[in-house]
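Because only heavy atoms are used, hydrogens play no part in the values below, and waters and symmetry mates are left out as well, while side chains stay in. Lettering follows sequence order; numbering is per chain, from 1.
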There are 2 protein chains.
Amino acid sequence: MARATTTRADILDSAVRLFAAHGFRGTSLQDIATDAGCSKASLLYHFTNKDAILTELLAPVGPEFAELEGRLAGLRGEEAARAAVTGLVDLSLRFRLQVKILLQDVDALINRPELPAADHIVERLTEALSGRSDAPQARVWAWMAMLGIILTSASECVIPEETLRAELTRGALRTLGLPTG
Amino acid sequence: MARATTTRADILDSAVRLFAAHGFRGTSLQDIATDAGCSKASLLYHFTNKDAILTELLAPVGPEFAELEGRLAGLRGEEAARAAVTGLVDLSLRFRLQVKILLQDVDALINRPELPAADHIVERLTEALSGRSDAPQARVWAWMAMLGIILTSASECVIPEETLRAELTRGALRTLGLPTG
DNA sequence: ACCTTAGCTGACCGATCGGCCAGTAATTGA
DNA sequence: TCAATTACTGGCCGATCGGTCAGCTAAGGT
């Protein structure tokens with residue numbers, strides 16, 4: 001019988017927190033080992049290499065995502081769209097730490113002194129929507145609109161610029177609950 | 001009179017493309033120098049260090065963002081929200097390469113084999129919205145909704161989960177142009 | 001013709017990285 | 001009791017990183 005050690009679980013716990021805090025590349029094996037209270041060599045005894053740790057952390061996401069895709073295949077039109085939205089919301093909330101790993105490197109760059117804090121724009125948007133900056137739904141919509149605009153513009157390169165400009169504006173206004181007139 | 005050399009401009013041109021393709025950390029000084037057709041030492045003759053290159057690339061974004069914030073300060077309510085949206089769309093499209101730098105590390109992680117390609121869900125959403133997968137506005141809205149959900153969920157940690165779940169769903173449905181019933 | 005300077009380079013440096021390996025201590029089943 | 005296995009470690013390795021430096025070359029001003 002194997003001894004009831006918690007080292008392996010400790011490593012995974014430390015890794016997911018450090019990856020989420022400093023990014024995958026920004027976290028060294030020594031960082032993880034120190035945080036987990038073991039040696040770097042012990043870490044590489046439990047995992048073949050650094051990548052294997054990330055792989056194991058992301059492993060549960062894949063099948064769940066595939067299941068959602070399978071569910072969508074049997075649906076059409078508005079029903080499919082609604083299922084996709086609720087499924088994505090559910091997955092995003094259940095794997096928040098994993099998503100935060102993906103986001104970390106973006107944060108590190110967005111918080112550079114040459115760039116303005118994105119929070120300022122979100123704050124303005126939230127105030128504009130609610131008059132008060134602490135209304136939860138206004139904050140969520142403001143974040144969604146801002147991230148939707150900024151990140152979609154970088155991902156969608158095949159669409160003509162004018163079309164993209166018009167549709168990004170329409171989509172964001174609708175996200176905020178404003179008429180697209 | 002100084003000689004009309006293009007090395008400095010070549011370096012900036014190579015850097016922005018390589019940063020956008022492989023991320024800041026994923027691009028070495030040697031990579032940039034090779035692409036620009038000069039030595040690494042020459043690169044460090046024109047720029048004090050690696051960070052200075054990124055700083056210069058991001059420099060034009062800051063003032064423009066600040067100007068947008070200033071414009072928003074003089075507006076209220078729906079007018080402010082509309083100005084924020086059109087301003088954000090404009091900035092995002094004008095600094096697409098810079099935004100792509102921020103996004104690159106996310107792409108590198110999202111394209112791991114354990115994670116499903118996000119494009120699949122976008123494809124399903126687009127089909128659900130339009131019946132045809134090549135309708136430009138449907139693709140844009142699908143991307144906006146997906147990125148809005150996933151990334152907002154990681155950014156908004158203070159809001160109670162149930163509120164977040166409800167508002168993410170409402171916001172995404174509105175982005176897609178669907179009733180939030 | 002000569003000096004200054006801008007532009008550029010190869011060689012090198014210390015630090016840090018992921019990863020390897022021989023060896024050790026402790027627990028286990030026989 | 002003892003060999004085998006598990007868990008773990010310190011020390012080391014090669015590679016790569018960002019960055020430095022002395023020195024070369026050629027263009028310009030005088």
Peer 1: Hey, does the side chain of B:His46 come within less than 4.0 Å of C:dA6's phosphate (OP1/OP2), counting only N and O?
Peer 2: no
Peer 1: I need the full list of side-chain hydrogen bond (donor to acceptor under 3.5 Å, both in side chains) pairs touching residues 145-155 of chain B, with sequence neighbours left out, sorted by first then second residue.
Peer 2: none
Peer 1: Once side chain to side chain contact (heavy atoms under 4.5 Å, CB included) is applied, do any residues pair with A:Thr34, and if so which ones, sequence neighbours excluded?
Peer 2: A:Gln30
Peer 1: Who are the side chain to side chain contact (heavy atoms under 4.5 Å, CB included) partners of B:Ala172, not counting sequence neighbours?
Peer 2: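 If we apply the side chain to side chain contact (heavy atoms under 4.5 Å, CB included) test to B:Ala172, skipping adjacent residues, the hits are A:Val85, A:Met144, B:Ala145, B:Ile149.
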Peer 1: Just to verify, what does A:Arg165 make a salt bridge (Lys or Arg N to Asp or Glu O under 4.0 Å) with, not counting sequence neighbours?
Peer 2: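 Counting only residues at least two positions away or on another chain, A:Arg165 forms a salt bridge (Lys or Arg N to Asp or Glu O under 4.0 Å) with A:Glu161, A:Glu162, B:Asp90.
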Peer 1: For a quick check, with a 4.0 angstrom heavy-atom cut-off, what is the B/S/- contact string for nucleotides 9-21 of chain C, read 5' to 3'?
Peer 2: BB------SBB-B
Peer 1: Give me each pair satisfying side-chain hydrogen bond (donor to acceptor under 3.5 Å, both in side chains) with a member in residues 62-72 of chain A, each pair once, sequence neighbours excluded.
Peer 2: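 Of all non-adjacent pairs touching residues 62-72 of chain A, those that pass side-chain hydrogen bond (donor to acceptor under 3.5 Å, both in side chains) are A:Glu64-A:Arg94, A:Glu69-B:His120.
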Peer 1: CZ of B:Arg8 versus P of C:dA6: gap in Å, rounded?
Peer 2: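 About 14 Å, once rounded to whole Å.
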